[in-house]
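Just below is one structure, and these are the notes that go with it.
Protein chains get the first letters and strands the later ones, always in sequence-line order, with residue 1 at the start of each.
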Number of protein chains: 2
Amino acid sequence: MTREQSGNHPARETLAGMAALHGAPENPAACPIRDVLDRVGQKWTLLILIALMPGPRRFSALQRRVGDISKRMLTQSLRELERDGLISRQVYPTKPPAVEYALTALGRSALDPIAVLTDWADRNHDRIRAARAAFDAAA
Amino acid sequence: MTREQSGNHPARETLAGMAALHGAPENPAACPIRDVLDRVGQKWTLLILIALMPGPRRFSALQRRVGDISKRMLTQSLRELERDGLISRQVYPTKPPAVEYALTALGRSALDPIAVLTDWADRNHDRIRAARAAFDAAA
DNA sequence: CAGCATCCCCATCGATACTG
DNA sequence: CAGTATCGATGGGGATGCTG
């Protein structure tokens, strides 16, 4: 989680605006872009959000669904997502305790822009792989 | 893997497919999501792409524009972006050598989905910060 | 079942110095 | 100017074990 530079921007909505504003990193406050991207770029967060798309899931169910994530990382990632308000955590004090995680409205809304990005990734992955092969061949 | 019920949203169908795809962790390179996200999540890549949006830039100009990036990281990040085919590298063998970097068509196309994501970040940053404050207060 | 706690590896990144 | 080379700090994240 890297923090620094790239101050907050007032009424920017386009990348162009951000490119322009970036020349002045006087405000040390957290940049929304970095803030979100650092989270999205983390290894498991996205997989967890995706795993929660169909509906609420319990801890173990999540672990199975995500795949080879360790309990440690699952716990840690869930905490961060909960802290950011993207998922909710409901504890049922049953005999063996049960905890259910679910997407919040904010979490669901995050999946739309993420879907755009992953769709791009899906559509252009071949091109990227080809570019890499060409680059490596030239070396 | 089994398809994930309902999801009238087309983009979400794709995401669900990606989730299923991850079921095979033996070849992580085969997952477009991780492939792209790892790059996007890196510290400087996005800043560099944004810095190149207005047009081609030379090494030093990029370094000034991005901010406090070291030459080491700038070089490294540029190499990866070039390898992925997102930017091009043009060398002018002048007296003091000049090298110009520019977005490729692929690189430009990547900025669209990224803009969607950063726009979301911009719009929802306040909510996230509020959620964090609430979470921290509860602890 | 859900989750902390602990140990440890290694990838990422920063700083500095050197070069064609 | 545009890098390369090297060292070192930081922390993400895997493996394992323990608990309410």
Side-chain angles (χ1 to χ4, degrees), chain A residues 1-6 25 28 34-35 37-48 51-52 56-84 87-102 135 139, chain B residues 22 25-26 28-29 34-35 37-48 51-52 56-84 87-102 135 138-139:
Chain A
M1 233 147 304
T2 50
R3 198 86 312 115
E4 95 262 32
Q5 68 154 228
S6 188
R34 281 252 61 84
D35 216 7
L37 246 53
D38 287 349
R39 190 108 308 145
V40 168
Q42 281 181 336
K43 192 168 183 180
W44 301 109
T45 35
L46 241 196
L47 279 309
I48 292 174
L52 283 174
R57 288 280 185 274
R58 292 176 51 181
F59 189 89
S60 307
L62 266 178
Q63 187 171 17
R64 279 189 298 272
R65 208 165 156 53
V66 169
D68 58 347
I69 187 173
S70 66
K71 286 191 292 186
R72 181 189 187 277
M73 290 317 296
L74 181 56
T75 301
Q76 186 174 305
S77 304
L78 285 171
R79 280 294 170 285
E80 285 176 348
L81 288 172
E82 183 195 0
R83 193 174 102 98
D84 286 1
I87 66 174
S88 62
R89 179 174 181 271
Q90 176 74 13
V91 182
Y92 298 98
T94 53
K95 252 318 187 21
V99 181
E100 228 179 42
Y101 294 92
F135 184 92
Chain B
H22 186 266
E26 303 315 316
R34 280 254 62 83
D35 217 8
L37 245 53
D38 286 349
R39 192 109 302 142
V40 167
Q42 281 181 334
K43 194 168 182 178
W44 302 110
T45 35
L46 241 194
L47 280 306
I48 292 174
L52 283 175
R57 289 279 185 276
R58 291 176 54 181
F59 189 89
S60 307
L62 266 178
Q63 187 170 18
R64 279 188 299 274
R65 214 170 152 57
V66 169
D68 58 346
I69 187 174
S70 66
K71 285 191 291 186
R72 182 186 185 280
M73 290 315 298
L74 181 56
T75 302
Q76 187 173 306
S77 304
L78 286 172
R79 280 294 172 282
E80 285 175 348
L81 288 172
E82 184 195 1
R83 192 173 103 97
D84 286 359
I87 66 174
S88 62
R89 179 174 181 271
Q90 174 74 15
V91 182
Y92 298 98
T94 53
K95 206 41 178 336
V99 181
E100 228 179 41
Y101 294 91
F135 184 92

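- In this structure, Tyr92(B) reaches neither bases nor backbone, as no heavy-atom distance under 4.0 Å exists between it and the strands shown.
- Gln63(B) places its CD atom 11 Å from the C1' atom of dC1(D), with the value rounded to the nearest Å.
- A distance-only check finds a donor-acceptor pair linking the side chain of Arg34(A) to the backbone of Lys43(B) [under 3.5 Å].
- Comparing Lys71(A) and Met73(B) along DNA chain C, the residue whose closest nucleotide (by nearest heavy atom) sits nearer the 5' end is Lys71(A).
- Following rounding to the nearest Å, Leu78(A) (CG) and dC1(C) (P) show an atom-to-atom distance of 16 Å.
- Nucleotides of DNA chain D nearest to Gln76(A) and Pro97(A) differ in position, and the one nearer the 5' end is that of Gln76(A).
- Between the CD1 atom of Ile69(A) and the P atom of dG12(D) there is a distance of 15 Å, given to the nearest Å.
- Residue Arg57(A) places no side-chain N or O under 4.0 Å from the OP1 or OP2 atom of dC1(C).
- Distance from the side chain of Arg79(A) is smallest to dG3(C) among dG3(C), dG14(D), dG3(D).
- Atom CZ in Phe59(A) sits about 10 Å away from atom C1' in dC4(C), given to the nearest Å.
- Within 4.0 Å (heavy atoms only), Lys43(A) reaches sugar-phosphate atoms of the nucleic acid but no base atom.
- For Arg72(A) and dT6(C), a side-chain-to-base donor-acceptor distance below 3.5 Å is present, hydrogens and geometry of angles not being considered.
- When rounded to the nearest whole Å, the span between CD of Gln42(A) and P of dT12(C) equals 15 Å.
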